[in-house]
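Below is one structure, written out as structure tokens; the observations come after it.
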Amino acid sequence: MEIISQLLPFVFLIAIMYFVIIRPQQKEAKAKKEMIESLKKGDKVITNGGFIVVVHKVEENFLIVKLNDDTLVKITKDSIAKKFEDEA
């Protein structure tokens, strides 16, 4: 009985850490992975560097994106921060 009363605070702390830290990170990572997998030609995205680019071609591990009318760049899928949604 004494062992259970000593371990109970640790179990409680681990449960709090799971629900406050680990679970939200897993949900966010899953949502980002789904967003990256759903990218298609013509989507506007924001890179980790802050560039707003248009997806030109989707490859297995890379994206070919358009920076402007005549500049195409190949980037990794991991460098996408989020989809860009026009507010207007």
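Rounded to the nearest 0.5 angstrom, L39 CG and E37 CD are separated by 9.5 Å. Residue L67 holds its CG atom at 11.5 Å from CD1 of I52, rounded to the nearest 0.5 Å. The distance from atom CE of M17 to atom CZ of F12, rounded to the nearest 0.5 Å, is 13.0 Å.
The closest side-chain heavy-atom distance from V73 to T71 is below 4.5 Å. Side-chain contact between I64 and E59: present, with at least one pair of heavy atoms (C-beta onward) separated by less than 4.5 Å. Counting heavy atoms from C-beta on, the side chains of V65 and L72 never come closer than 4.5 Å.
Judged by distance alone, the side chain of S79 and the main-chain N or O of T76 form a donor-acceptor pair under 3.5 Å. When atom types are taken as modelled, the side chain of K57 and the backbone of K74 share no donor-acceptor pair closer than 3.5 angstrom. A donor-acceptor pair under 3.5 Å is absent between the side-chain atoms of K41 and the main chain of V54, judged by distance alone.
Looking at every heavy atom in both residues, M35 comes nearest to K82 through CE-CA, 3.9 Å. Residues I75 and I80 come closest through the heavy atom pair CD1-CD1, 3.7 Å. Taking both residues in full, the closest heavy atoms of I21 and P24 are given as O-CD, 3.5 Å, listed atom of the first, atom of the second, then distance. Taking every heavy atom of both residues into account, K32 and D78 meet most closely at NZ-O, 4.2 Å. Closest approach of I36 and K77 over heavy atoms only: CD1-O, 3.4 Å.
Within 6.0 Å of atom CD1 in I16, more than 12 heavy atoms from other residues, nucleotides or ligands are found, so the atom counts as buried in its surroundings. Open room surrounds CD1 on I3; 12 or fewer heavy atoms of other groups in view lie less than 6.0 Å from it.
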Side chain to side chain contact (heavy atoms under 4.5 Å, CB included) for F84 and V45? Distances and angles first, verdict last.
CA-CA 5 Å; F84 179 72; V45 294; 5.8 Å; no
